[in-house]
Amino acid sequence: MRKERVLPYGRQWIDEEDIKAVVEVLKSDFITQGPKIREFEEKIAKFVGAKYAVVFNSGTSALHAAYFAFGLSSEDEFITSPITFAATANAGLYLRAKPVFCDIERDTGNVNVKLIEEKITSHTKLIVPVHYAGHPCDMEKIKEIADKYGLFVVEDACHALGAEYKGSKIGSCKYSDATVFSFHPVKHITTGEGGVVATNRKDIYEKLLMFRNHGITKDEKKFLNQKEGDWYYEMHFLGFNYRMTDIQAALGISQLKKLDKFVKRRREIARIYNKAFKDNPYFDTPVEKDYAYHSYHLYSIRLKNEYKNRKKEVFQLLRRKGIGVQVHYIPVYLHPYYQQLGYREGECLLSEDFYRKEISLPLYPAMTEEDVDYTIKAVFEVFEEVAK
Ligand SMILES: *Cc1c(COP(=O)(O)O)cnc(C)c1O
């Protein structure tokens, strides 16, 4: 049996070109707050088709900044899906706002657009759709609801760099006010840690820049008091140090050149999986709706009802064969911290059912054909054993 090495569910691809880019910055005058940040921001904005991009030291801080920029605060609620990483909801709690969880669609794992309206109250300010696994939410419909009630839309697109909705790139903000991506090593491209907010609004862009740097401005046109000298700057609100370094930005610029290739390779692996697992009796495979170009951050399978109670066993057996499966996600509100805030089991039944059935198989561009074949074989062996 294999294997000294475990296949993780996701991992980075770093090549010599990336290493060279990082080393160049290390030898230069600026290792942070230098020219690479602007360059990376311009290139990301161009890639996703948005006017502006502001990079941050994580996807989480980028979410925090985006929510802040739209004025989310202690009186407000925001609607999101429980099938996401805790950061989507946590970033709102940082601002003392209340996350309201809306249940999902069974097939995509995305928020069920038909259920959003009943979650809206007079306190709702934001809708935060999460493009689960890289499959875009139905953004046109979400935008319609947001416009009807005067809400902002911030996309949590941490899974969806390179994905498209109705022919436009996720991040173009055609149907939203801002879009957030992460550059964690399991995501499509990496800066070690990092994130970005894309937007078409200049006022939001300027707020994001200040939020990243303690709420400070050095732009004298914005000063509230008299400029006292060339050293002068002003702090206007309580921001954070959420800056990315130039070392990271240089890595990001180099990674971005490979993004198209990465997404193509992810889709190719997903196609091989889809073909191998078609009509199998054990689990359902990912879908791609006609409005979606899936970027396959995850290859997410869901056990059929007959096997739902066997997940723990399937998971353990796969791990034992060196398949580094993972589960995405425990519904956010089931975590003890959220329970303590008063959220209760049973709030989003389809999300809880999804969680009981979901397993993510390894999927990342550096996987070899052999890795993919091995995974397929191991999956069938495990299910045949469990079904015996
Ligand atoms: C990765 C991720 C985040 C947070 O990104 P970090 O860069 O790890 O802070 C937020 N939301 C989702 C859905 C993610 O997958």
Side-chain angles (χ1 to χ4, degrees), residues 8-12 40 44 53-68 72 78-95 99 101-102 104 108-111 126-137 139 153-163 170-171 176 178-198 208 211-212 240-245 248-249 251-252 255 262-263 266 286 294-300 326-333 335 338 351 354-355 358 360 363-364:
Y9 82 87
R11 65 158 286 155
Q12 72 278 12
F40 187 32
I44 282 277
V54 180
V55 293
F56 289 85
N57 58 5
S58 74
T60 305
S61 51
L63 281 166
H64 186 189
Y67 296 174
F68 173 86
L72 194 71
F78 61 106
I79 297 170
T80 192
S81 147
I83 296 298
T84 183
F85 185 52
T88 317
N90 291 354
L93 290 182
Y94 299 161
L95 297 162
F101 294 102
C102 183
I104 59 165
T108 60
N110 285 335
V111 67
L126 270 179
I127 304 174
V128 185
V130 180
H131 305 304
Y132 176 80
H135 188 293
C137 297
M139 290 308 300
V153 179
V154 173
E155 297 170 71
D156 181 337
C158 290
H159 294 187
L161 188 57
I170 294 296
S176 71
T179 305
V180 176
F181 299 97
S182 162
F183 306 128
H184 182 276
V186 297
K187 306 292 164 65
H188 291 80
I189 63 169
T190 191
T191 59
E193 298 282 355
V196 64
V197 183
L208 294 168
F211 190 76
R212 175 172 76 182
F240 291 76
N241 176 356
Y242 274 169
R243 298 186 302 261
M244 178 183 272
T245 66
Q248 293 170 296
L251 179 55
Q255 287 265 300
F262 289 165
V263 174
R266 284 177 177 276
H294 199 320
S295 61
Y296 284 102
H297 163 57
L298 302 172
Y299 192 85
S300 165
Q326 190 46 277
V327 170
H328 298 92
Y329 289 96
I330 302 165
V332 173
Y333 64 81
H335 284 291
Y338 280 83
S351 299
F354 190 92
Y355 163 56
E358 199 277 340
S360 302
L363 176 58
Y364 49 94

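Note that ligands are numbered from 1 as they come in the structure, with each ligand's atoms numbered from 1 the same way.
- Any N or O atom pair closer than 3.5 Å counts here, and Phe183 shares no such pair with ligand 1.
- Using a non-hydrogen distance threshold of 4.0 Å, Ala62 does not register as a contact of ligand 1.
- Within the 4.0 Å heavy-atom cutoff, Lys187 counts among the residues contacting ligand 1.
- Taking 4.5 Å as the limit, some side-chain heavy atom of Tyr132 sits within range of a side-chain heavy atom of Leu298.
- At under 3.5 Å, not a single nitrogen or oxygen of Thr84, backbone or side chain, sits near a nitrogen or oxygen of ligand 1.
- In this structure, atom 10 (C) of ligand 1 lies nearest to the protein heavy atom Cys158 SG, 3.6 Å.
- Close approach of ligand 1 to Asp156 (heavy-atom distance below 4.0 Å) involves ligand atoms 10 (C), 11 (N), 12 (C), 13 (C).
- Taking a cut-off of under 4.0 Å to the non-hydrogen atoms of Tyr329, the atoms of ligand 1 that pass are 15 (O).
- In terms of protein heavy atoms, atom 9 (O) of ligand 1 is closest to Thr60 OG1, 2.5 Å.
- Under the 3.5 Å distance criterion, with hydrogens and angles disregarded, a donor-acceptor pair is assigned to the side chains of Ser176 and Glu155.
- Annotation: atom 5 (O) of ligand 1 to nearest protein heavy atom, Ser182 OG, 3.4 Å.
- With respect to Phe101, the side-chain contact (heavy atoms from CB on, under 4.5 Å) criterion is satisfied by exactly one of Thr80, Thr84, Ile83: Thr80.
- Set against the non-hydrogen atoms of Ser58, the atoms of ligand 1 under 4.0 Å away are 7 (O), 9 (O).
- Look at Phe181 and you'll find every heavy atom at least 4.0 Å from all atoms of ligand 1.
- In the model, Ser360 has a side-chain atom that pairs as donor or acceptor with a side-chain atom of His328 under 3.5 Å.
- When the side-chain contact (heavy atoms from CB on, under 4.5 Å) test is applied to Phe240, the partners found at least two apart in sequence or on another chain are His64, Phe211, Tyr242.
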